[in-house]
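Report on the following structure.
Residue numbers begin at 1 in each chain, while the letters A, B, ... track the order of the sequences.
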Protein chains: 2
Amino acid sequence: MTTRARVRDAAITVFGNHGFGTGVRAIATAAGVSPGLVIHHFGSKDGLRAECDEHVLRIIREQKAEAVSTPGPAGAMQALADIEQYAPLVAYIVRSFQAGGGLGESLFEHMVEDTTQYLELGVATGSVRPSRNPAARARYLTLYNVGAMLLYLQMRADKEVPLDYATAIRDLATDVTLPALEMYTEGLLPDSSMLEAYLATEDGAAQAGAAPPVHTDSPN
Amino acid sequence: MTTRARVRDAAITVFGNHGFGTGVRAIATAAGVSPGLVIHHFGSKDGLRAECDEHVLRIIREQKAEAVSTPGPAGAMQALADIEQYAPLVAYIVRSFQAGGGLGESLFEHMVEDTTQYLELGVATGSVRPSRNPAARARYLTLYNVGAMLLYLQMRADKEVPLDYATAIRDLATDVTLPALEMYTEGLLPDSSMLEAYLATEDGAAQAGAAPPVHTDSPN
DNA sequence: CGTCCGGTTGAACACGCGTTTAGCGTACTA
DNA sequence: TAGTACGCTAAACGCGTGTTCAACCGGACG
């Protein structure tokens, strides 16, 4: 294994555990090299970060290739089990979402795409209700699930101990499964009056993908 | 208005716009004072941050006192309109959630409490379906809505321009209303088999608040 | 008038940061 | 075997940070 790769992997771990504010010296120490070498290999700290992003994204793509082969709850469970194995990656990704930067957005868009396809499949097989706007629903579900998970993890961290993502995610699942299933099967509202009222709106009709009603002062 | 308060308010604005990494000198400049005076008044940068947290929390509590008087969608709309007025506070709170520290957790717990009461009221008046575990549902809804909002805002920011929270939140609302209403009135799953399967589980029964079935190797 | 005291400043200090530079050793190459 | 390119280190540089310190200024009080 080349020294360059060792430094990169150490950086991913350290960044994931202590945030992107960590100094080059700490990364160098973790990799067992001198601070100058880090710069010599990656040009700058930002260059190192960019290469970490790239590497993480590449691993995710490879990993997704086999995860896609078994979609649905079974695949999700498998992915959850894999978390223990890929803990440093998960930590890095979470930090990346919190700190902004392209990685988070890129991963998010991939997740939206995957969710879209998974929901389409579910609708086709009858295991998921159809939606008036499948794209908006997929984006909504991704945004809410990812956002909630990030907030949960971040509120759990707080201490300087690196946080065990595997148990944290399991805890989140046990906290959330019942209300989520309730919501998914029974909804929250007892009747459809609110939804109908919104669909009668211009915005509602437009969002539903139907032809919006003619506006009072629009041409024609 | 005392200089101390001016420095504090300037710090809230600057922290909110540029993050907690901003230097003491920038805050001092924004307040029109010298860097040394900031330390003289608040002891340290952390002391300043603590006083900002305290002040923000106090304002929120005062504001909540009148917001609670008009709960429901009307109150929410009013709160949304007030955002323009309290933009610096909102920015500071968002930063506070992202950076960790007590303020975020404290506000979150308050929101869970408010949501609990609001849902109770809705159930009593028949505008919200009852839940097997109201506390878990309130926590779930708060976690998901706050988390999604934070993620949305953070993905929108990215540039160094301070970001207009009012329009961003409006955009989020238009993106999310249709799928959220669909989900709230119709759910996602076409039948209750998954929920029933979970309720038949030990965990499911425990989460639902009912007496869990006797475990095979438990006493008695 | 003299004195004191709190608010305020500007310069300075110590430190950690990312980065640069000079040089060492080693392994390949002609 | 001499030459050379490369991986690597140790030390230093410049900068920005939070914080400290001595001095100053203006008003209140004896």
Side-chain angles (χ1 to χ4, degrees), chain A residues 1-56 91-92 95-96 98-103 158-160 162, chain B residues 1-56 91-92 95-96 98-103 158-160 162:
Chain A
M1 189 183 206
T2 165
T3 304
R4 211 184 127 97
R6 241 180 45 236
V7 172
R8 177 196 1 91
D9 289 0
I12 290 176
T13 301
V14 174
F15 278 149
N17 284 341
H18 305 322
F20 293 109
T22 320
V24 174
R25 286 164 177 82
I27 297 168
T29 302
V33 300
S34 72
L37 189 65
V38 177
I39 302 297
H40 170 251
H41 274 308
F42 302 95
S44 70
K45 189 185 176 182
D46 287 342
L48 172 61
R49 164 107 191 259
E51 199 135 329
C52 289
D53 279 16
E54 193 180 343
H55 186 243
V56 168
Y92 184 92
R95 295 278 182 192
S96 221
Q98 289 170 353
L103 219 206
D158 248 4
K159 331 288 177 186
E160 60 262 16
Chain B
M1 191 185 205
T2 163
T3 305
R4 212 185 126 96
R6 244 182 39 238
V7 173
R8 182 202 348 98
D9 290 0
I12 290 175
T13 302
V14 174
F15 278 149
N17 285 340
H18 306 321
F20 293 109
T22 320
V24 173
R25 285 164 178 81
I27 297 170
T29 303
V33 299
S34 71
L37 189 63
V38 177
I39 302 296
H40 172 252
H41 274 308
F42 302 95
S44 70
K45 189 185 176 182
D46 286 342
L48 171 61
R49 164 107 190 260
E51 198 135 329
C52 289
D53 279 15
E54 191 180 344
H55 185 243
V56 168
Y92 184 92
R95 296 276 183 193
S96 222
Q98 289 170 354
L103 220 205
D158 250 4
K159 332 287 178 186
E160 60 263 15

Check your understanding: What is the nucleic acid contact for B:T22, judged by heavy atoms within less than 4.0 Å: base, sugar-phosphate only, or nothing?
Key -> sugar-phosphate
Exercise for review: For B:H41, answer base if it contacts any base atom (sugar-phosphate contacts may also be present), sugar-phosphate if it contacts only those atoms, and nothing otherwise; contact means non-hydrogen atoms under 4.0 Å.
Suggested key: sugar-phosphate
**Study point:** Comparing B:F20 and A:H40 on DNA chain D - which has the more 5′ nearest nucleotide
**Key:** A:H40
**Study point:** Side-chain donor/acceptor contact of B:R25 with base of D:dG16 under 3.5 Å
**Key:** no
Nearest to side-chain heavy atoms of [X], which nucleotide of [options]:
X: B:S44; options: D:dT19, C:dG7, D:dC8; answer: D:dT19
X: A:V33; options: C:dG7, D:dC8, D:dT9; answer: D:dT9
X: A:V24; options: C:dT19, D:dT9, C:dG10; answer: C:dT19
X: B:S34; options: C:dT9, D:dT19, D:dT9; answer: C:dT9
X: B:I39; options: C:dT19, D:dG7, D:dT19; answer: D:dT19

Review point. Less than 4.5 Å apart, any side-chain heavy atom of B:M1 and any of B:D9?
Key: yes
Point to revise | Nucleotide C:dT8, atom C1' - distance to CZ of B:R4 in whole Å | key: 15 Å
Review point. B:I27 has an atom CD1; how far is it from atom P of D:dT17, in whole Å?
Key: 11 Å
Review point. Between the main-chain N or O of B:P35 and the side-chain N or O of B:R25, is there a donor-acceptor pair closer than 3.5 Å?
Key: no
**Study point:** Heavy-atom donor-acceptor pair, A:R6 side chain to A:A31 backbone, under 3.5 Å
**Key:** yes
Practice item. Please work out which of the three classes, parallel, tilted or perpendicular, describes the rings of B:F15 and B:F20, given edges at 30° and 60°. Key: tilted
